[in-house]
Amino acid sequence: MIEGLFKKLFGKEKSKEAAKKRLKLALVYDKLEVSDELISKLQQDIVDVISKYFIVDKEAIKLDIKRSDNYSSLTLNTPILSARRSHKVHDWQ
Amino acid sequence: MKNFCMLLRKEFDFVLLDCPAGIERGFENSVVGADQAIVICTPEVSSVRDADRVIGLLYAKSVQPKLLVNRIVPEMVEKGDMLSHEDVVDVLSIDLIGLVPMDEKVIVSTNTGAHLIQNNKSKAGQAFKRIAMRLNGNADLPIEVPQAKKGFWKKFGFKLGRNK
């Protein structure tokens, strides 16, 4: 009885709050539905652009899409081996 | 389907196209002839999620849908065990056209084939009626929020039950 009163006063999480949280998360996923093919194309394009300015280890590049409750983010991790000299940019092209 | 709708247009003031659940060909078929759309969902996670997809698809076809929340159980909403219509609207962010409470009389009326709207005691029937009035040009008719029954003894029993 006392425990019940306690819970009543301070309130436990209601199941609708859980439903709302789950729903919002599901909708973020639905809106960000991207295929693996799209991700690998994007990675290729990004690598091409970065390679104009830096020499990077193409094998070690990692592209991630992270989703959480309120936002989603695109993260690219790449080791840079060295910078290209500016005149070399034209050579490379 | 488009041509068929054009034929019906000449004959009737309103044509209601019942769209099958899901986003398959049935959906495409019923949407192609429509000017307006009402998306119906229940206050459950899976239903609201599907509604969000359908709303997205309708926007892509430049149809502005309105939302109808069906089968609301006011007692559960009050207890916090069911998403309220505010929660649903908050998540989907579209305009409401009506709220329909859970009503056993719906099943009875489909059994007998009698119109629920003619039953003045049925809350769902009255909600249908108001939605129909809104569709028929009375767009500003206020939306009634289903309320839980509150007798003294019911309230008393409810509280006892919760403290178990």
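This structure is a prediction, so every number in the text was calculated from the model and none was measured. Letters go in sequence order (proteins before strands), and every chain restarts at 1.
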Heavy-atom neighbours of Arg134(B) CZ exceed 12 at 6.0 Å: yes
Mark yes when over 12 heavy atoms from residues, nucleotides or ligands other than Leu16(B) sit less than 6.0 Å from its CG; otherwise mark no. no
What are the residues of residues 90-102 of chain B, in order of number, with any heavy atom under 4.5 angstrom from a heavy atom of chain A? Asp90(B), Val91(B)
Interatomic distance, Ser46(B) atom OG to Arg22(A) atom CZ [nearest 0.5 angstrom]: 8.5 Å
Just wondering, are more than 12 heavy atoms of other shown residues or ligands nearer than 6.0 Å to NZ in Lys129(B)? no
Any chance OH of Tyr59(B) has more than 12 other-residue heavy atoms, nucleotides or ligands included, within less than 6.0 Å? yes
Between Val15(B) and Val32(B), is there a shared hydrophobic cluster once you connect ILVMFWY residues whose side-chain heavy atoms come closer than 4.5 Å? yes
Decide if atom CD of Glu28(B) counts as having more than 12 heavy atoms of other residues, nucleotides or ligands within a radius under 6.0 Å. yes
Any chance you could measure Arg53(B), atom CZ, to Leu27(A), atom CG, to the nearest 0.5 Å? 10.0 Å
NZ of Lys14(A) to CE of Met82(B), rounded to nearest 0.5 Å, is 15.0 Å
Going hydrophobic residue to hydrophobic residue with side-chain gaps under 4.5 angstrom, can you get from Val77(B) over to Val48(B)? yes
Is the shortest distance from a Lys or Arg side-chain nitrogen in Asp87(B) or Lys16(A) to a carboxylate oxygen in the other one below 4.0 Å? yes
Look at the side-chain heavy atoms of Ile, Leu, Val, Met, Phe, Trp and Tyr, link any pair under 4.5 Å apart, and say whether Ile55(B) and Phe27(B) land in one connected group. yes
